Structures are given as C-alpha cells and as structure tokens.
S.K.: 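I'd like to ask you about the structure that follows.
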Amino acid sequence: MGGFCSSEKMAGVFSYESSEIDWCEDNYKQSEHIVEYFNTISSFFFFIISPIMLYLLHPYAKERNLAIHMVWTMMIFVGLFSAYFHMTLSFVGQMLDELSILWVLAMVYVVWFPRRLFPSFIKDRSTFSNLVLVITILSTLSSFVKPTANAYVLNCFGIHMVYMLAVEMKCCTDQKALRLCKVSVALWVLAVSCWISDRFGCSFWQSLNFCYLHGIWHILIVIAVAYGTTLIAYLDASYEIPYSLPVLQYWPCDRWAVGIPHIVLKGTTKTQKRC
C-alpha cells in the first residue's frame, strides 16, 4: 500500500498543472495538449540564440577556456525545460526550469567572476569554483523547501550580476563596451519588468486581452544574456588575455551596430589593457 502511494505521488508531480505557479496566459487556449501555448513557443528562442553564441564565442573560448561553452550549452537545456514547464505546468517542469537557470548562473560565476573580486580567503579560481559548487548544491536542495520562492532568489542572483558588471565598467573607457553595457542593462530591466508585470499585474493585462508578457520575457532575457555575457567575456579577455587584442563586433554585420555581439581576437602580441 505504501509503495502504491509513493508511485501515485511520483506520478502526481509529473501531472499537468501540478505546479503551484500559473502564469497570466490563458490555459489551453491554442491547444488541448499545451497549457500555455505562447510561453511554450517563445521558449524555443533559446534554441536559436544558443547555437549562434556557441559559434561566435568559439575563438575566444578556444584561447581562454573551452569550459565557457558550457554556459550556452546549458542555456539550450534552459530552453528545453522552460518549454516543458509551460507546456505542462507540472511540478517537475517547474523545478527543471528553475534549477537549470540556477546552474547556468553558477557556471557564469565559475568561468567569469573577476579574480580581483574574490573573497579575501580565496586565492585561486579552483577554490572559488568549489565554493560556488557547494553553494549551488545547497541552493538546489533548498529549492524544494518552498518552490514558489525560487524565481525571486534567481532574480536576486541576476541583480548581483548586474552590480558586478557595473563595478567592472567603472574603469572601462571603450565606448563600444560602454554602449553594449547600457543596452544589456536596458534589455535586462525591460525583461524583468515584463516578468513582474505578468506575475503581479495579470488582471490588468487580461482586461486588455494581452497576456503574453512572460513569453516576451523569454525572448528579451535570452537576448540580454547574449549581450551581457559577451560584454563580460570581453572584459575578461581584456584582463586575462590582453595579447589577443579583443574587439567587440556585431553579427551578422558590424556596420549596423545591432544584432548579436561577439568578440574578435585581432592579435597575438601583448598590448596595454583597455578596460
């Protein structure tokens, strides 16, 4: 009897709408098999941006550290789990979605957190990486205690990263980098505004028959991450491999100053740091 109850509980967490979270979009409006259609479809934007970023950042990652590719490889899983969550609104989908984001953030800290900002008791990146791993494992376990709070904790990590970026940009004089920073922060603020508005202003948007802000959040946040991580990578390259002469450019055409930013390594001789 106990085994039957355990199996029933296990099946329940995979069930449609077993999550306590329900976003503003009307359920089953477009399909009887997909709970939140637009939120599900917009998650596939991760599958478009992630492979492009893997390709564009490869020269930098090859020179610096191939582990950098893990960030955008894991972003593909964020898109996959986000699509599954919004398709089912299941508890398992929610946890996979949120925990995949947590581990992406952990990887960003591991590969890009500036050495000079390490706590005083940490002397090398290996020790820092182990600390991040321990914190991430503890955060993963604690996320099951009150799952509805997970999203707010993740946004706090995002705020800390924006703060870290602001600290890094204080000594930067590269105008292209400064412009990229402003656009990155603006995209992040706009994305978070969509998330908050969808979460707490649903009745207003329903009155306007526009319940798609969470889907727009998906699109804006993946672009913001592409812009932000490129900027962080550029600052990292300027400090750690300045001999490579890193330069910011935009794909597919740099003359437009729009598109997807990436790093081009212009040289192999040591040069003065620009940032």
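Values below: all heavy atoms of this structure, side chains included; hydrogens, waters and symmetry mates excluded. Everything quoted here is computed from the prediction, not taken from an experiment. By convention here, the first residue in the shown sequence is residue 1.
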S.K.: Listed by chain and number, what are the ring-ring contact (aromatic ring centres under 6.0 Å, His included) partners of F44, not counting sequence neighbours?
M.R.: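 In terms of ring-ring contact (aromatic ring centres under 6.0 Å, His included), with neighbours along the sequence ignored, F44 is linked to F47.
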S.K.: Salt bridge or not between E240 and R125? Use side-chain N to carboxylate O under 4.0 Å.
M.R.: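 R125 and E240: not salt-bridged.
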S.K.: Kindly say whether the aromatic ring centers of W251 and H262 come within a distance under 6.0 Å.
M.R.: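 Ring centroids of W251 and H262 are no less than 6.0 Å from each other.
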S.K.: Tell me who clusters with L138, hydrophobic residues only, linked when side chains sit under 4.5 Å apart either directly or through other members.
M.R.: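 Its cluster mates, by chain and number, are V134.
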S.K.: SG-SG distance between C202 and C24 under 2.5 Å?
M.R.: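 The sulfur gammas are closer than 2.5 Å, so yes.
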S.K.: Do the non-hydrogen side-chain atoms of W217 and I196 ever get within less than 4.5 Å of each other?
M.R.: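 No. Closest side-chain heavy atoms not under 4.5 Å.
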S.K.: Do V145 and L96 belong to the same hydrophobic cluster, where Ile, Leu, Val, Met, Phe, Trp and Tyr are linked whenever their side-chain heavy atoms lie under 4.5 Å apart, directly or via other members?
M.R.: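 Not linked; separate clusters.
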S.K.: Determine whether the aromatic ring centres of W72 and F77 lie less than 6.0 Å apart.
M.R.: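 Between W72 and F77, the centre distance exceeds or equals 6.0 Å.
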S.K.: Taking only residues two or more places apart in sequence, or in another chain, which ones meet L105 in a side chain to side chain contact (heavy atoms under 4.5 Å, CB included)?
M.R.: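 For L105, the residues satisfying side chain to side chain contact (heavy atoms under 4.5 Å, CB included) (neighbours in sequence not counted) are I101, L154, F157, M161.
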S.K.: Looking only at non-hydrogen atoms, find the nearest pair between Q94 and E20 and report the distance.
M.R.: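 Minimum heavy-atom contact is OE1-N, 4.2 Å.
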S.K.: Taking the six-membered ring where the residue is Trp, are the ring centres of W23 and W195 under 6.0 Å apart?
M.R.: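 W23 vs W195: aromatic centres under 6.0 Å.
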S.K.: I'd like to know if the side chain of N150 and the backbone of S143 have a donor-acceptor N/O pair within less than 3.5 Å.
M.R.: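 Side chain of N150 to backbone of S143, a donor-acceptor pair under 3.5 Å: yes, one is there.
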S.K.: Will you find, in the side chains of N39 and Y212, an N or O donor that is under 3.5 Å from an N or O acceptor?
M.R.: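 Short answer, no.
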S.K.: With a 4.5 Å cut-off on side-chain heavy atoms, are M53 and V71 touching?
M.R.: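 Result no, sub-4.5 Å side-chain heavy-atom pair not found.
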S.K.: Please identify which of these residues, V162, D174, L231, meets the side-chain contact (heavy atoms from CB on, under 4.5 Å) condition with C181.
M.R.: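 Answer to the side-chain contact (heavy atoms from CB on, under 4.5 Å) test with C181 among V162, D174, L231: L231.
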S.K.: Does any part of the side chain of S100, heavy atoms only, come nearer than 4.5 Å to the side chain of M74, both counted from C-beta?
M.R.: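 M74 vs S100: side chains apart.
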